Amino acid sequence: MRKPVSIAYFGVDDPVRQLLHRLSESVAFSSLSLLEEVSDTGFAHEADCLIFDITDPLANRKWRLFRAGKRISAVIIIAQGAVSLPPRLQARAVVLQKPLHPTALAWGLRKLLRIWAFDGERPTESTASASVTGGYAHLSRLHLLRAAEWLHGDREKIEFRYASMDELSASDSDGLARASFEPDEYLYGYLRSALKAHGDASHAFVVRLPGGFISLVPFTGMVTILMEDTQLQELCAKRLSHFESPPVVRGTESLEEAGEHLPRRQASIESLLWLAALRASHGRFPASLDITVPRRLLRWPNLSRLADAPYAARISALWAARTMTAFEIADELDIHQRHVFSFASAAQALDLFPEGDGEVERAVADGRWLGRRLFSGARVLTHLLRNGQ
Amino acid sequence: MNELPVLIVGPAGSGKSAAIRALCGDRLVRRQVVLADGDNGVAIGLETGELEIPAAGSLSLLAYPADKSRLLGRFIAPEMHAGVVLLIDGRDEAAIEELRHYLQQISSAESLPLAIGVTHLDLGLRKNLDALALQMTDFGLHCPLFRIDARQRGDVGVLLEALLLSMYVAEADGASVDRLTGFTEPLSSGFCS
């Protein structure tokens, strides 16, 4: 069994001290051992982590005593107002604001344990284990990524052809122009226009293509594809001007021409547009989408029923939670921009970005009220109450 | 071993046990937890499955019983659970009401990442999924909402992958601390190393 994580503290007021002791005795924090308070002259040499109140008049002195000759794994700083942290401490510190809510302290302790665990496990994988009898702790971001990757498993991946291009900067207007494309020059742009023109109709319509047909039923959101899959995918990647014959919208009676010899399969309109946009993109982005503007996804794409684009889940997670530019997404995930541009093309094809220039989204995010929430229970309740539920 | 407990909730027949079986096989273990309810304790029977993930730890999936959903708000705890998967039966006419009910129940643990799976939806019932997605947008939810077959390992895996990545992003944001403490100002001055 691994030694408990030892935590020293100083400068905290009585209610927080009592709360710390109560939490350390709870099942959820059984892997935590709370050491006695650091005195004015002495300090806990053996502590792994530290909790202190920065408003304590002796805080700076005690902090210097504590850290002398020691490497601090993680620290909780209880503060009232803004705190400037030295760079080397930023990744190791959790700042909690006064007045301190018990739930916030519990969250801070969990975070502290995770920082400690991640820090302590770096030398070898085998040290990552910890004794957890209740609740959970010691789960690093690295483990989350590994577990997510493992769960992704061996889903069938679509091979994409990417245009060769260097990484771009937002100020490189020539590079941006080269990396963009016009959706209307491709099949998915044509299909989107056709859906806009015929989407309100309750009846189906047919798009005749070289080598087959696509029957679209906007009311159900379904399509029937009457052509070889490989041929459809080639058409998605080609400019319309390179088609043997241009696509034409017809009535459903034209399907009689298809006869019985063409293969048929059903799909959702969403999955067709997603795949067609990815194929058209080649790692580029639609010219109509200003990728230098920060945006946020309106919702996650339904990844369980869409073609498996590279990094789609990671990009979705980030872009659904934060308002960012495509460049920022690529930087944050440390992936090639072309993956983000392709994703942005497919997301735009499904109307997953808000209309407009993204400034409204940025304003909301800057307010940090809704922008960083994955789930807002308060807002749900407000909504329900407003609707008399 | 790093442990990641994920609570799976949803109405009866929504596919909670099937989802655990899809990932963990048939080795489900039934556990009982007693919750205080007035002067009496209420036994909550959980179906659980464990999934070992190489070099990452283990995933504990805990299916919470639908008939105890009124106690869910007291059972769920950010200290004990890493995230929540909500399964909704897409065939159910009352799917949106069920969604609202469960969202209310788990609102006490709003800091927990959430992923929603809509089950039993064949392709022809897309409208129901759209309605749920619209409701979520109205609610200000930005969590994953996927159509899944809870019996399919791949589908359940994608939903859990999305949940873990949401946790990853939330962890980086420190969103919980911001929300709980009302701390919104950037760190700017005051502490010297």
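Every chain is numbered from 1, with letters handed out A, B, ... down the list of sequences. Everything quoted here is computed from the prediction, not taken from an experiment.
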Query raised in the report: With a 4.5 Å heavy-atom cut-off, do B/Ile53 and A/Arg146 have their side chains touching?
Result: no
Report task. Verify side-chain contact (heavy atoms from CB on, under 4.5 Å) between B/Phe146 and A/Leu303, making sure each step is shown before the conclusion. Result -> CA-CA 7 Å; B/Phe146 297 165; A/Leu303 295 179; 3.8 Å; yes
Report task. Report the residues that fulfil ring-ring contact (aromatic ring centres under 6.0 Å, His included) with B/Phe75, sequence neighbours left out, ordered by chain and then residue number. Result -> B/Tyr64, B/His81
Report summary line: Output for pair (A/Leu145 CG, B/Met167 CE), nearest 0.5 Å, gives 12.5 Å
Query raised in the report: Heavy-atom count around A/Asp334 CG within 6.0 Å, excluding the residue itself: above 12?
Result: no
Query raised in the report: Quick one: are A/Trp150 and B/Leu51 in side-chain contact, heavy atoms under 4.5 Å?
Result: yes
Query raised in the report: Taking all atoms of both residues into account, what is the closest heavy-atom pair of A/Ala317 and B/Ser166, and its distance?
Result: CB-N, 4.3 Å
**Report entry** Exceeds 12 heavy-atom contacts within 6.0 angstrom, atom OH of A/Tyr311
**Finding:** no
Report summary line: Those residues of residues 152-165 of chain B that come under 4.5 Å of chain A on a heavy-atom basis, listed by number, are B/Arg153, B/Asp155, B/Gly157, B/Val158, B/Leu160, B/Glu161, B/Ala162, B/Leu164, B/Leu165
